[in-house]
Protein chains: 2
Amino acid sequence: MTGNPMPTIDQMLCFAVYSAGHAFTRFYKPRLDALDLTYPQYLVFLVLWERDNLTVKALGERLFLDSGTITPLIKRLEARGLVQRQRDDEDERQVRIRLTADGRALKQRAEAVPLAVAKGTGLSQAGAEALRLELLALRERLDRVD
Amino acid sequence: MTGNPMPTIDQMLCFAVYSAGHAFTRFYKPRLDALDLTYPQYLVFLVLWERDNLTVKALGERLFLDSGTITPLIKRLEARGLVQRQRDDEDERQVRIRLTADGRALKQRAEAVPLAVAKGTGLSQAGAEALRLELLALRERLDRVD
DNA sequence: CAAAATTCTATTGCGCACAATTTAATTGTG
DNA sequence: CACAATTAAATTGTGCGCAATAGAATTTTG
């Protein structure tokens with residue numbers, strides 16, 4: 001019995017996920033530079049373009065991020081006039097995020113991004129979908145334990 | 001023709017990778033807390049346990065990280081007496097990273113980690129391997145373009 | 001061999017990402 | 001209704017992650 005030799009990072013699934021994530025960020029960067037958005041900011045807009053006027057909490061649940069990440073990110077977008085923050089009248093603990101006209105307008109300028117990314121992956125739609133579902137299931141299992 | 005409607009983040013492969021990466025970090029955290037290591041620090045040790053005395057550049061190429069990330073990370077490990085940094089005598093531009101006795105000793109204490117992670121993924125070895133290879137190929141394609 | 005180009009590391013600045021804490025508002029309970 | 005418990009955001013502090021830059025050492029080349 002040799003016990004448990006340490007794996008090489010090249011053998012580890014976690015490192016494949018970690019480094020593929022960085023590769024995506026690098027790939028997005030030149031495409032999002034035109035919009036002056038970071039990748040996490042782009043994700044926030046994708047959510048808000050789909051459904052406006054979400055609370056910080058709802059946004060965080062959608063993105064798996066907490067207020068410590070989202071609050072300063074949103075404030076930077078607010079400072080640029082792309083979103084507005086306002087306390088909910090019904091429940092003043094909550095802050096609702098609304099797109100401004102400029103924030104909505106950004107959507108047209110982002111239209112070319114998804115196709116470029118799809119091409120960059122080199123995967124067919126079915127291949128990308130299969131991989132996405134595997135990762136979704138993996139995330140759920142990792143989050144379920146402990 | 002409806003043109004190119006924006007995808008929902010739930011439909012996007014990049015977001016699946018991004019959020020699965022965060023899930024891995026969260027999963028590792030309680031296991032690495034016992035060693036007082038972050039996930040990126042753990043990756044550095046996995047590389048150094050396998051092959052000691054690497055340069056900053058070699059470490060960066062292995063991890064797909066640059067000196068702006070690695071230098072401060074290594075300095076924190078050095079401050080804790082887990083590694084040493086020294087200029088290469090042959091080429092003084094290079095800095096070589098060596099494990100200290102404490103840094104080497106950490107390996108025994110980390111031995112339970114890989115198995116716990118393998119279990120946490122809920123994947124068979126073959127399943128994990130297949131997914132890893134897909135992500136590896138994806139990373140290479142994303143890094144190849146542009 | 002001297003000047004130019006390249007290589008390697010470190011530094012600075014910015015933006016996540018998250019744990020821990022704080023503050024304020026709301027809900028639950030006696 | 002008072003008061004404890006809970007919830008939502010914001011804040012603080014630490015550690016990545018990377019672009020841009022700087023500075024020193026090495027290599028290239030004219």
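Any value given below was found using the heavy atoms of this structure, including those in side chains, with hydrogens, waters and symmetry copies removed. A, B, ... follow the sequence lines: proteins, then strands. Residue 1 opens every chain.
Set against D:dA19, C:dA17, D:dC16, the side chain of B:His22 has C:dA17 as its closest nucleotide. For A:Ser67, the side-chain atoms get nearest to D:dA9 when compared with the rest of C:dC16, D:dA9, C:dA10. Out of C:dC18, D:dA10, D:dC18, the shortest distance to the side chain of A:Leu65 is found at C:dC18. Checking D:dA9, D:dC18, C:dA19 against the side-chain heavy atoms of A:Arg87 singles out D:dA9 as nearest. If you check C:dA17, D:dT26, D:dG17 against the side chain of B:Glu92, the one that comes closest is D:dT26. For A:Arg93, taking side-chain heavy atoms from C-beta onward, the closest of the listed nucleotides D:dC16, C:dA25, D:dC18 is C:dA25.
DNA chain D lies under 4.0 Å from at least one heavy atom of each of the following residues of residues 71-78 of chain B: B:Leu73, B:Arg76. Using a 4.0 Å cutoff on non-hydrogen atoms, the parts of residues 53-64 of chain B near DNA chain C are B:Thr55, B:Val56, B:Lys57, ordered by number.
One distance of note links OG1 of B:Thr69 with CG of B:Leu63; it measures 10.0 Å at 0.5 Å rounding. One distance of note links CG of B:Leu59 with CD1 of B:Ile70; it measures 4.5 Å at 0.5 Å rounding.
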Inset, instruction - Evaluate the salt bridge (charged side-chain N to carboxylate O under 4.0 Å, His left out) criterion for residues A:Arg93 and A:Asp88: first the C-alpha distance (whole Å), next the side-chain angles of each, then the deciding distance (0.1 Å), finally the verdict. - result: CA-CA 7 Å; A:Arg93 291 172 304 181; A:Asp88 190 307; over 6 Å; no
Inset, instruction - Kindly determine whether A:Tyr18 and B:Phe64 satisfy ring-ring contact (aromatic ring centres under 6.0 Å, His included), including the steps that lead there. - result: CA-CA 10 Å; A:Tyr18 171 81; B:Phe64 299 91; 9.3 Å; no
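Atom-to-atom, CZ of B:Arg85 to P of C:dT9 comes out at 10 Å; the value is rounded to the nearest Å. Separating the CD1 atom of B:Ile97 from the P atom of C:dC8 is a distance of 14 Å, rounded to the nearest angstrom. Residue A:Asp33 contributes atom CG, which lies 9 Å from atom P of D:dA19 at whole-angstrom precision. Summarising the geometry, the separation between CD on A:Gln41 and P on C:dG15 is reported as 8 Å, rounded to the nearest angstrom. With rounding to whole Å, B:Gln94 atom CD is found 14 Å from C:dT6 atom C1'. Straight-line distance from the CG atom of A:Asp91 to the P atom of C:dG28: 12 Å, rounded to whole Å. Distance, A:Leu43 CG to C:dG15 P: 17 Å, rounded to whole Å. The interatomic distance linking A:Tyr42 (OH) with C:dG15 (C1') rounds to 19 Å, in whole Å.
Cation-pi geometry between B:Arg26 and B:Phe24 is not met at under 6.0 angstrom from the ring centre and within 45 degrees of the axis.
Residue contacts shown for B:Arg96 are absent, as no nucleic acid heavy atom lies under 4.0 Å away. Residue contacts shown for B:Thr69 include a base, since a base heavy atom lies under 4.0 Å away.
There is no side-chain donor-acceptor pair under 3.5 Å between A:Arg96 and A:Thr55.
Side-chain atoms of B:Leu131 and B:Thr121, non-hydrogen and from C-beta on, never get closer than 4.5 Å to each other.
Using a 4.0 Å cut-off between charged nitrogen and carboxylate oxygen, A:Lys75 and A:Glu78 do not count as a salt-bridge pair. Ion pair A:Glu111/A:Lys107 not flagged as a salt bridge, since none of the NZ, NE, NH1 or NH2 atoms sits closer than 4.0 Å to an Asp/Glu carboxylate oxygen.
Heavy atoms from other residues, nucleotides or ligands lying under 6.0 Å from CZ of B:Arg80 number more than 12.
Phosphate contact (OP1/OP2 of D:dG17, side-chain N/O of A:Tyr18, threshold under 4.0 Å): present.
In terms of position on DNA chain C, the residue among A:Tyr39 and A:Asp88 whose nearest nucleotide sits closer to the 5' end is A:Tyr39.
For C:dG30, the paired base is D:dC1 (Watson-Crick or G-U wobble, both distances below 3.5 Å).
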